[in-house]
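Contents: one structure, followed by commentary.
This chain uses plain numbering: 1 for the first residue, then up along the sequence.
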Amino acid sequence: MINVDDLTILIEAVQQGSLSAAGRRLGLTALATSRRLAALEAELGVRLVHRTTRSLSLTVEGEAFLPHAEAMLVHAEDGRAAVARGAVAATGLLRIAASVPFGRKVLTPMLANFLASHGQLKVELLLSDAVVDIVAQGVDVAIRFGELKDSSLVARRLSDNGRGLYAAPHYLARRGTPRRAADLADHDCLSVPGVRQWTLTRGGRTVRQSVSGAFSADSLEALHEACLQGLGVVQLSQWNVRADLAEGRLVEIRLADASLPDQGIWAVLPTRRLVPGKVRLFLDALIAHLVEALVPSVQDTDGGLQPGRGERHVAQPGTGRVGDRIGECS
């Protein structure tokens with residue numbers, strides 16, 4: 001009989017790229033990891049991987065078996081959840097990827113309550129403002145912003161994401177307040193390195209405004225802090241500046257002839273097939289949190305992932321990478 005724990009070893013080893021990395025992730029020695037994989041191969045009667053302690057590659061049989069292993073593991077997790085304490089519960093390890101500020105300000109407070117409700121669940125929160133390959137890193141769900149490119153990945157829109165232009169009061173006192181989009185050309189605009197234009201909307205049409213400034217950064221939090229220090233005008237999400245506005249550290253700039261497009265808050269999944277119960281429970285809890293704490297959400301009437309109803313395929317084709325244009329999104 002196939003051991004579910006052995007399936008976990010195989011899947012983790014493929015995702016991490018080596019048996020030793022899989023062992024570290026699962027808290028096992030390299031010897032124990034190798035023995036479990038060998039036991040799975042013995043049960044199946046075939047070699048699944050070509051392996052050393054530092055790298056591995058799937059055999060033809062391994063490539064054929066891997067999707068079935070993933071399906072069996074998902075079914076096992078859902079089965080455990082279905083009988084846990086007589087109610088649906090999330091179990092196992094849930095890997096979530098998000099930008100640094102969203103993870104710190106939104107997800108971490110929400111996850112505190114979520115974990116309290118699901119005592120058998122462990123969460124690994126991976127925070128980065130850079131492009132993340134969710135398939136290679138074994139991420140169950142990534143929370144992203146903005147217009148997402150087509151690929152084999154699947155995205156579900158969770159909520160609107162209102163954004164605005166902001167600056168510190170002492171910057172505006174020194175440089176004046178921009179009134180129209182063209183005025184931004186005369187201001188220091190804070191963005192990621194290499195960005196020379198900001199995307200705005202005017203009368204339902206997309207317009208691009210040239211911008212420049214003395215400071216740029218590849219970190220949302222660095223751009224946010226630079227704005228607080230009076231270095232210029234920045235684009236940020238409303239949830240990211242609520243406290244700053246309330247306490248007078250930042251001022252919103254409203255242009256007469258343009259505004260920032262709403263790019264939405266999206267959940268990005270590696271596949272539509274066999275979405276684990278822990279992921280569905282997490283997304284349900286996150287939507288409820290966004291409804292209560294942030295902005296109106298777009299929900300499916302049946303709570304499922306339905307094509308054409310808040311879902312699309314995203315990211316760079318064939319790579320599994322999903323990223324934010326961090327100078328424009330959060």
Restricting to non-hydrogen atoms, name the atom on [X] and the atom on [Y] that form the minimum distance, rounded to 0.1 Å.
X: Leu281; Y: His118; answer: CD1-CE1, 3.9 Å
X: Leu127; Y: Gly103; answer: CD2-CA, 3.6 Å
X: Ser128; Y: Arg144; answer: O-NH1, 3.8 Å
X: Leu7; Y: Ala69; answer: CD2-CB, 3.8 Å

4.5 Å side-chain heavy-atom contact, [X] and [Y]:
X: Pro101; Y: Asp129; value: yes
X: Phe114; Y: Leu121; value: yes
X: Ile96; Y: Leu107; value: yes
X: Asp188; Y: Leu231; value: no
X: Pro261; Y: Thr206; value: no
X: Met110; Y: Leu286; value: yes
X: Phe102; Y: Ile265; value: yes

Hydrophobic cluster membership, with links at side-chain heavy-atom distances under 4.5 Å among I/L/V/M/F/W/Y: are [X] and [Y] in one?
X: Leu31; Y: Ile9; value: no
X: Val46; Y: Phe65; value: yes
X: Ile253; Y: Val207; value: yes

For His187, give me all partners under ring pair (Phe, Tyr, Trp, His ring centres under 6.0 Å), at least two apart in sequence or on another chain.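 In terms of ring pair (Phe, Tyr, Trp, His ring centres under 6.0 Å), with neighbours along the sequence ignored, His187 is linked to Tyr171.
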Counting N and O atoms only, with roles assigned by atom type, does the side chain of Arg47 sit under 3.5 Å from a partner on the main chain of Val49, one being a donor and the other an acceptor?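 Judged by distance alone, yes, a pair lies under 3.5 Å.
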Looking at Asp262 and Gly264, would you say the former's side chain and the latter's main chain have a donor-acceptor pair under 3.5 Å?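 The answer is yes, because a donor-acceptor pair under 3.5 Å joins these two groups.
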Taking atom types as modelled, find out whether [X] and [Y] have a side-chain donor-acceptor pair closer than 3.5 angstrom.
X: Arg208; Y: Thr199; value: yes
X: Ser216; Y: Ser191; value: no
X: Asn161; Y: Trp266; value: no
X: His289; Y: Asn113; value: no

Flag yes if more than 12 heavy atoms outside Arg249 fall under 6.0 Å of its CZ atom; otherwise flag no.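 Yes, CZ of Arg249 has more than 12 neighbouring heavy atoms, counting only those of other groups under 6.0 Å.
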